[in-house]
**Student:** 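Have a look at this one before I ask anything.
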Amino acid sequence: MDDISPSDLKTILHSKRANLYYLEHCRVLVNGGRVEYVTEAGLRQLYWNIPIANTTVLLLGTGTSITQAAMRELAKAGVMVGFCGGGGTPLFSGTEAEIAAEWLSPQSEYRPTEYLQRWVRFWFDDAKRLEAAKHIQRARIERIRQAWTENPRLDEAGFSVEWS
């Protein structure tokens with residue numbers, strides 16, 4: 001049987017891939033050339049295949065470990081791997097963005113923990129947090145104003161908004 005090249009795995013467009021997996025309390029590894037996750041069932045271990053060629057996202061929750069070989073295979077197939085807390089809740093790590101889950105795309109690189117340290121320092125300073133919230137709200141209001149007042153289709157429909 002011919003080996004499948006990494007480029008073959010990417011031939012299914014992400015828009016046509018159907019699978020998103022959320023796993024917790026298991027191990028993700030490569031077994032016999034396939035990416036699988038292993039769960040414990042009493043004294044037995046159960047192996048389950050992950051169809052990486054048809055998978056867009058693998059979200060790993062608490063109690064989950066993943067091998068380097070599995071990450072390598074997932075990256076080759078273009079599968080995005082996310083790390084989160086239990087039940088899909090946020091996980092805090094050393095990346096730049098404040099989002100509900102942290103993602104490692106195949107092109108990701110290591111980010112130093114100083115990013116997290118700066119974010120935490122900002123978050124626990126009430127004055128800085130309030131100023132950031134005001135800045136975000138001002139930008140949001142300006143964007144809404146532009147969307148409603150500079151839209152020719154609304155004018156054509158006879159709809160006008162007065163801003164003071």
Side-chain angles (χ1 to χ4, degrees), residues 1 3-140 143:
M1 181 174 187
D3 286 339
I4 298 173
S5 75
S7 60
D8 292 339
L9 294 174
K10 294 181 184 179
T11 57
I12 300 173
L13 297 173
H14 280 285
S15 60
K16 300 295 182 189
R17 293 184 185 193
N19 296 324
L20 179 146
Y21 290 97
Y22 171 74
L23 302 173
E24 61 182 12
H25 307 293
C26 66
R27 288 181 293 145
V28 180
L29 48 84
V30 174
N31 183 18
R34 295 183 317 237
V35 178
E36 298 179 340
Y37 66 97
V38 183
T39 60
E40 303 290 330
L43 299 175
R44 296 185 319 154
Q45 293 183 333
L46 303 175
Y47 288 78
W48 305 91
N49 184 51
I50 301 172
I52 62 174
N54 202 24
T55 299
T56 299
V57 174
L58 181 64
L59 194 57
L60 304 176
T62 57
T64 304
S65 64
I66 187 165
T67 65
Q68 288 181 348
M71 281 299 298
R72 190 170 25 260
E73 293 302 314
L74 291 164
K76 284 180 191 176
V79 176
M80 185 167 283
V81 178
F83 296 88
C84 65
T89 58
L91 172 74
F92 300 104
S93 72
T95 60
E96 301 173 357
E98 174 194 339
I99 52 178
E102 301 302 330
W103 301 98
L104 289 181
S105 67
Q107 296 81 29
S108 266
E109 60 187 45
Y110 170 77
R111 302 276 200 290
T113 57
E114 286 82 18
Y115 288 113
L116 174 65
Q117 292 167 352
R118 281 189 224 135
W119 182 82
V120 170
R121 191 175 320 126
F122 165 83
W123 182 253
F124 288 109
D125 185 327
D126 290 340
K128 287 181 181 178
R129 193 169 67 241
L130 178 60
E131 187 56 40
K134 288 178 181 179
H135 179 77
I136 289 168
Q137 288 301 322
R138 283 187 209 107
R140 180 176 174 262
R143 175 68 181 105

**Student:** Once you round to the nearest 0.5 Å, how far does CD of Glu40 lie from CG of Leu46?
**Tutor:**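 Result: 8.5 Å between the selected atoms.
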**Student:** Counting C-beta onward and ignoring hydrogens, is there a side-chain heavy-atom pair between Thr56 and Met80 closer than 4.5 Å?
**Tutor:** no
**Student:** For Thr67, run the side chain to side chain contact (heavy atoms under 4.5 Å, CB included) check against Asn31, Val35, Leu29 and tell me which one passes.
**Tutor:** Leu29
**Student:** Between atom OG1 of Thr39 and atom CZ of Arg44, what is the distance when rounded to the nearest 0.5 Å?
**Tutor:**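 Result: 9.0 Å between the selected atoms.
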**Student:** Testing Val28, Leu59, Val57, Leu74 one by one against Val81 for a side chain to side chain contact (heavy atoms under 4.5 Å, CB included), which residue passes?
**Tutor:**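 So the option named by the test is Leu74.
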**Student:** Give, for atom OG1 of Thr55 and atom OH of Tyr21, the distance between the pair rounded to the nearest 0.5 Å.
**Tutor:** 4.5 Å
**Student:** If you measure from CZ on Phe83 to CG on Leu58, what distance do you get to the nearest 0.5 Å?
**Tutor:** 8.5 Å
**Student:** What distance do Thr64 atom OG1 and Tyr22 atom OH have between them, rounded to the nearest 0.5 Å?
**Tutor:** 7.0 Å
**Student:** So which heavy atom on Ile52 is nearest to which on Glu73, and how close?
**Tutor:**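 Here Ile52 and Glu73 meet closest at CD1-O, 3.9 Å.
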**Student:** To the nearest 0.5 Å, what is the distance between CH2 on Trp48 and CD on Glu36?
**Tutor:** 11.0 Å
**Student:** How close do Val38 and Cys26 get, heavy atom to heavy atom, and via which atoms?
**Tutor:**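 Heavy atoms only, the tightest pair is O-CB, 3.1 Å.
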